[in-house]
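Reading through the structure tokens given below for one structure.
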Amino acid sequence: MSQPEQKTLDEVATLRAELDDANYRYYVLDEPRMTDADYDRRLRRLQEIEAEYPDLVTPDSPTQRVGAPPDAGFPEVQHAVPMLSLDNALNEDEITAFVKRVADRLEIDGETIAFCCEPKLDGAAVSLVYEQGVLVSGATRGDGRTGEGITSNLRTLRSIPLKLRGKALPDLLEVRGEVIMSHEGFEALNAKAREEDGKVFANPRNAAAGSLRQLDPRITASRPLEFSAYQAARFEPDPGDATHSELMARLGDLGLRTSAALEVVTGSQGLIDYCRRLGERRDRLGYDIDGVVIKVDDLRLQRELGFVARAPRWAIAFKFPAQEETTTLNDVEFQVGRTGAITPVARLEPVTVAGVTVSNASLHNADEIARLGVMIGDTVTIRRAGDVIPQVVRVETSLRPADAREIVFPERCPVCDSEVERLEGEVVARCSGGLYCGAQRKEALKHFASRRALDIDGLGEKLIEALVERDWVKTPADLFRLDAERLASLPRMAQKSSDNLVAALDKAKQTTLARFVFALGIREVGEATAANLARHFGTLDALMGAEVADLEAVEDVGPVVAAHVHTFFRQPHNRDTIDELRALGLAWKEEEIGERPQPLAGQTWVLTGTLESMTRDEGKERLQALGAKVAGSVSKKTAGVVAGPGAGSKLAKAEQMGVPVLDEEGFLERLEAWESGRETEQ
DNA sequence: CCGCCTCGAGGTCA
DNA sequence: CTCGAGGCGG
């Protein structure tokens, strides 16, 4: 192969610069200079040259946005800095309350505080990592700590630069933002889909999120997705900006798009004004938003405010009032849950609320029905509470038809005809049938097989229904007596599926005590309580033999839970099922009884600044597991302070008071030593 | 609660 | 091609 001439090298450099610049102008500055045709022509020319001289191809070339198709699933990605959620403010009073909280904590006048505001885009949150200015990884939010690596899909977005612009590039930049689809893009995509196969997306948010989860990046590339940055999670070396808004401007300089509607305002009135103005413009923005993100602008103040459990104290999301629609209540169905709780569910004439079709809504209980005063046939107003769960807000009584029927709460279980009882002082009514009731049995089995319980692969809702309806399975123990041959006679269950299920059941037999206890479905015993019980008693026999007082000694177990557990294990049919399960081969390693050594018992520790290898919450948990208390402020009694980068006043105070300070490296070293029991005190 | 994607498997039809 | 299970995300 011939070597490229200097002329060719120059042309490649020029084309790349022009293409990058066109993207930047189009997506970041919103001032397109180049027509699409010109862009495509240059891109094709670059592709030709790169095809001729493959050595010239670099990963950040504009031709390299669409990478190799299908690889096996998306890898897990740990977020170095967790992606937190924000507290909500649902009205102007709650904005005022937020300002007051911030002001009180900082001991300054709230009306002087500067806040950075921007629209809260309704899309999918992602995190991008740039090393030496080059995009190296991109991931979804996931649960905030761990997301999915969707780098090859994110690379196809032209508003995501493959390399950052400018001379002074950070060594490391982790930027958070939202991937959205504009109304225009969404309409165009659906118009095309309608022509081709008739399958259309329900709303821009789902279209954006769905597009990101494609295994084939070529499909993602064909979707009109846009990225807009809202936060720098890591920026090294520290750019030295004083405010969040300056930092956002810097991201813009680096070639990242940020919100055009970003504004810095002062005090609660400034915030309320901004929210009102944006609310008025909402319909004309061209993309979906569900509110306003408000952040304390001064980064020093942000550090001082710090975090509570899952959210920063220095930010809040103002949510616009939920969209409401009216529809008719066609019927009410009473569903029976795992514990026998009877839930009235409104069957509604399907109606689109905020982009999704709603046809069911829980009415919760008899009190709620009475409160609403709702009848079958009524016109009702529906809203999606917290943007997710449909809710009947009120009845349009004036529209009530003459033939509206009263909703009669059943006195007998709609599934098994057992008596329905409602205990004194409780709002929920329950079917008294226990596992005699088919509905409860199905729910109990579903729970037993669920992922966090015994995790029986392939045993889903429909299959459980079929098994219960045929009376093949009455208790969890019956599951393990199923044989492949009989299963294969079920609809949609042939040889392969049956064998798989039998294998999955066999695999599920080896479990842990905590999972097993959780799987039993004892009232009020969730995953966490089950783990506590397992750890405390160590063996199932010890747990089964425990008296109420013994149970109450377990962490987070009070009289109510203790009574439920005690009663459960006193029931002969429960004991029989457990015996059968054990006879059928269910087994687990007996847990270590009691606590691990607690070398830090009685000590108080303080964490400040950011840690790289873990979140502050994780650090806290690990310290607590060692017996330490973790406090928010430094005092004379503080045994030690762990200071990550960005530590402020707490570090200064510790130094002043002569409290020992560990950096992250030192902290990790000690943690490992303590946890392994090599060291018993600090 | 709803929508979306992926996968494995079953059923249908040529 | 369709269905069910499983997972993700808001």
Side-chain angles (χ1 to χ4, degrees), chain A residues 69-77 83 85-86 88 120-127 139-150 153 178-181 186 189-190 193 197 199-217 219-220 223 288-291 317 319 322-323 335 343 345-348 350-364 382-392 446 449-452 455-467 487-501 503-504:
Chain A
D71 52 333
F74 302 120
E76 272 190 8
V77 173
M83 292 180 82
S85 44
L86 297 182
N88 292 329
K120 187 176 193 312
L121 305 187
D122 193 14
V126 299
S127 189
T140 62
R141 188 193 123 89
D143 64 4
R145 299 161 38 118
T146 310
E148 289 181 305
I150 51 167
N153 285 340
E178 198 83 359
V179 172
I180 58 162
M181 197 178 283
F186 173 73
L189 180 64
N190 268 359
D197 58 359
K199 269 202 247 171
V200 296
F201 288 101
N203 56 56
R205 200 208 70 74
N206 280 327
S211 299
L212 289 181
R213 306 202 75 261
Q214 296 287 337
L215 283 183
D216 185 348
I219 300 179
T220 310
R223 304 281 171 81
D288 284 349
I289 66 173
D290 55 7
K319 294 281 185 88
Q323 198 188 324
Q335 287 181 352
T343 311
V345 176
R347 292 275 117 96
L348 305 163
V351 61
T352 306
V353 188
V356 305
T357 314
V358 173
S359 37
N360 303 306
S362 171
L363 290 170
H364 304 109
I382 305 297
R383 167 200 319 171
R384 292 207 294 145
D387 287 338
V388 180
I389 296 152
Q391 189 185 16
V392 176
K446 237 160 76 180
S450 68
R451 200 159 64 93
R452 314 190 97 93
D455 193 16
I456 305 171
D457 233 33
L459 185 58
E461 177 149 9
K462 294 283 173 189
L463 195 47
I464 289 175
E465 220 152 88
L467 293 170
L487 282 169
S489 67
L490 255 31
R492 294 203 70 81
M493 286 290 287
Q495 196 60 50
K496 185 74 180 161
S497 301
S498 310
D499 289 345
N500 285 350
L501 181 61

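Within every chain, numbering begins at 1; the chains are lettered A, B, ... in the order of the sequence lines, protein sequences first and strands thereafter. Quantities reported herein were computed from a predicted structural model and do not represent experimental measurements.
The minimum heavy-atom distance between A:Met83 and A:Ser127, with the atom names listed, is SD-CB, 4.0 Å. Residues A:Phe186 and A:Ala207 come closest through the heavy atom pair CD1-CB, 4.1 Å. The two residues A:Asn203 and A:Gly355 come nearest to each other via the heavy atoms ND2-O, 3.0 Å. When all heavy atoms of A:Ser211 and A:Met181 are compared, the closest pair comes out as OG-CE, 4.0 Å. Scanning both residues, A:Pro217 and A:Leu215, for their nearest heavy atoms gives CD-O, 3.2 Å. In terms of heavy-atom proximity, A:Leu501 sits nearest to A:Gly458 at CD1-C, 4.3 Å.
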(request) Go through A:Glu178 and A:Lys120 one step at a time and tell me if the salt bridge (charged side-chain N to carboxylate O under 4.0 Å, His left out) criterion holds. (result) CA-CA 9 Å; A:Glu178 198 83 359; A:Lys120 187 176 193 312; 5.9 Å; no

Distances under 3.5 Å between nitrogen or oxygen atoms of protein and nucleotides 9-13 of chain B:
| from | atom 1 | to | atom 2 | distance (Å) |
| --- | --- | --- | --- | --- |
| B:dA9 | OP1 | A:Asn500 | ND2 | 2.8 |
| B:dA9 | O3' | A:Ser497 | OG | 3.0 |
| B:dG10 | OP1 | A:Ala494 | N | 3.3 |
| B:dG10 | OP1 | A:Ser497 | N | 3.3 |
| B:dG10 | OP1 | A:Ser497 | OG | 3.3 |

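The side-chain heavy atoms of A:Ile180 and A:Asp288, taken from C-beta on, include no pair separated by under 4.5 Å.
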(request) Can you check each nucleotide of nucleotides 1-6 of chain B against protein heavy atoms at under 4.0 Å and return B for base, S for sugar-phosphate only, - for none, in 5' to 3' order? (result) BSSSSS

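Rounded to an integer number of Å, the gap from CD of A:Glu178 to C1' of C:dG10 is 10 Å. Per the geometry, CG belonging to A:Leu212 stands 11 Å off C1' belonging to C:dG9, to the nearest Å.
Looking at heavy-atom distances under 4.0 Å, A:Ile456 makes contact with sugar-phosphate atoms alone, never a base.
Nucleotide B:dG11 forms a pair with no other nucleotide shown, judged by Watson-Crick or G-U wobble geometry with both contacts under 3.5 Å.
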